[in-house]
Amino acid sequence: MGGRMPDKETSLNVAGHFNGREVHEVTLQSDSGMVARILTWGAVLRDLQVPLADKSLQGVVLGFDDFAPYPEHSPYFGAVVGRYANRISGGTFTINGQTFETDRNEAGRTTLHGGRAGFGQQVWDVVDASPDAVTLSIRSPDGDQGFPGAVTATCRYSVGPGSLIRIDYTASTDRPCPINLTQHSYFNLDGGADLSAHLLQVDADAYTPVDVDLIPTGEIVPVDGTRFDFRTPRPVLGGGFCDHNLVLRPAAQTGAFRAVAELASQKSGLRMQVETTKPGLQVYDGHKIAVAVPGLGGATYAAHAGLCLETQFFPDSPNIPAFPDSILRPGDSYRHSTRYTFLHD
């Protein structure tokens with residue numbers, strides 16, 4: 001899906017209703033003409049249009065033309081997922097000797113992306129909005145999906161300078177609780193039916209192997225000789241499926257921004273650079289995509305239609321002490337920032 005660049009604008013419109021609440025859509029535009037459309041349901045990045053060299057716009061994320069299909073048909077398209085992005089083994093974890101059971105929404109075996117009514121399936125509030133930024137917030141009560149503590153989280157989308165979109169997250173809690181927020185967009189930089197024209201590079205020397213439930217075994221293993229070796233650009237597809245956490249090089253664990261990945265389309269000439277403050281990157285090649293309704297511009301979304309690059313703490317960190325600590329404690333603040341920058345040849 002593409003078009004021509006509109007005049008710079010911002011808007012806040014009613015997009016629908018969910019559980020008796022209005023769902024709004026905010027439109028942002030950068031100085032380059034990049035346009036981002038964000039729903040308050042799930043803090044979803046519904047559409048992202050990026051200018052090409054000829055000034056036309058290229059859609060780069062999977063989504064739907066309006067809100068209506070999202071609650072039933074979206075596999076987390078563009079959502080901000082939490083309280084805990086990715087998986088928690090058995091839907092259980094222990095903090096200070098107390099065991100908590102969270103919603104096992106994946107085959108009744110694991111907690112995925114915070115449970116069936118996690119942050120990606122709830123309506124967020126608009127705190128403020130401008131032509132190039134919007135801040136959303138959500139309040140999650142103690143016991144929500146089984147997680148301890150009352151949590152307040154915010155997500156700020158901002159665009160520019162140029163074709164850059166930045167997401168900043170914060171969270172606070174009144175009881176110790178695992179927190180792991182991430183952006184779950186499926187990227188496709190050329191509008192093709194799949195990712196066959198895409199190359200990926202990731203600055204990761206190791207990955208976390210998983211069991212049959214895609215739960216990490218606790219090992220951290222070198223990527224050498226595996227299908228998870230993206231240290232030099234190579235095709236996204238081929239060599240088996242990918243839905244794994246890559247361990248970013250140590251500089252990414254300092255809390256400072258670091259360039260960690262680049263996705264490029266050989267068809268459109270677009271490149272997307274990923275920067276983050278988090279230690280892990282979940283690479284999901286979309287092999288399970290099978291959407292029964294039309295996507296943006298009437299597109300059909302099937303296997304490998306888009307690629308997720310989810311900046312994160314490691315999966316199941318609450319149960320694996322050797323992994324980076326994902327427990328947020330009262331008085332501390334969870335902070336996480338990610339930037340996606342789009343460049344064209």
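- Interatomic distance, H344 NE2 to L189 CG, rounded to the nearest 0.5 Å: 13.0 Å.
- Looking at T111 and D103, their side chains never bring a donor and an acceptor atom within 3.5 Å of each other.
- For R139, the CZ atom counts as loosely surrounded, since its 6.0 Å shell holds 12 or fewer non-hydrogen atoms of other residues, nucleotides or ligands.
- For the ring pair (Phe, Tyr, Trp, His ring centres under 6.0 Å) with F77, the lone residue among F64, F67, Y70 that qualifies is F64.
- A salt bridge (Lys or Arg N to Asp or Glu O under 4.0 Å) with E275 is found for exactly one of R258, R339, R166, namely R339.
- Between H73 and V291, the closest heavy-atom pair is O-CG1, 4.2 Å.
- With rounding to the nearest 0.5 angstrom, the CG atom of L62 is 5.5 Å from the CD1 atom of I289.
- Atom CD of E262 sits about 10.0 Å away from atom CG of D203, to the nearest 0.5 Å.
- Within the 3.5 Å criterion, the main-chain N or O of R231 finds a donor-acceptor partner in the side chain of D229.
- The closest donor-acceptor contact from the side chain of Q183 to the backbone of G78 lies under 3.5 Å.
- In this structure, the ring of Y301 has its center no less than 6.0 angstrom from the ring center of Y186.
- The stretch residues 194-217 participates, sequence neighbours left out, in these ring-ring contact (aromatic ring centres under 6.0 Å, His included) pairs: Y207-F228.
- Side chains of R87 and D243 form a contact here, defined as non-hydrogen atoms less than 4.5 Å apart.
- When ring centroids are compared, F187 and Y340 come within the 6.0 Å threshold.
- Taking the six-membered ring where the residue is Trp, the centroids of F313 and F323 are separated by 6.0 Å or more.
- A 6.0 Å sphere centred on CG of N96 holds no more than 12 heavy atoms belonging to other residues, nucleotides or ligands.
- Of the possible donor and acceptor atoms, one in the side chain of T182 sits under 3.5 Å from a partner among the backbone N and O of T311.
- Atom-to-atom distance recorded for N86:CG and N245:CG is 7.0 Å, nearest 0.5 angstrom.
- One finds the CE atom of M272 at 5.5 Å from the CZ atom of F342 (value rounded to the nearest 0.5 Å).
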Q) Step by step, would you call V60 with Q58 a side-chain contact (heavy atoms from CB on, under 4.5 Å)? A) CA-CA 6 Å; V60 296; Q58 174 67 58; 4.2 Å; yes
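- The shortest distance between side-chain heavy atoms of N19 and V123 does not fall below 4.5 Å.
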Q.
Applying side-chain hydrogen bond (donor to acceptor under 3.5 Å, both in side chains) to T135 and T154, what does each step give before you reach the verdict?
A. CA-CA 7 Å; T135 300; T154 68; over 6 Å; no
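- Side-chain atoms of Q282 and C308, non-hydrogen and from C-beta on, never get closer than 4.5 Å to each other.
- Contact of the T276 side chain with the L248 side chain is registered, since non-hydrogen atoms from C-beta on lie closer than 4.5 Å.
- For the atom pair L200 CG and L281 CG, the distance stands at 8.0 Å (nearest 0.5 Å).
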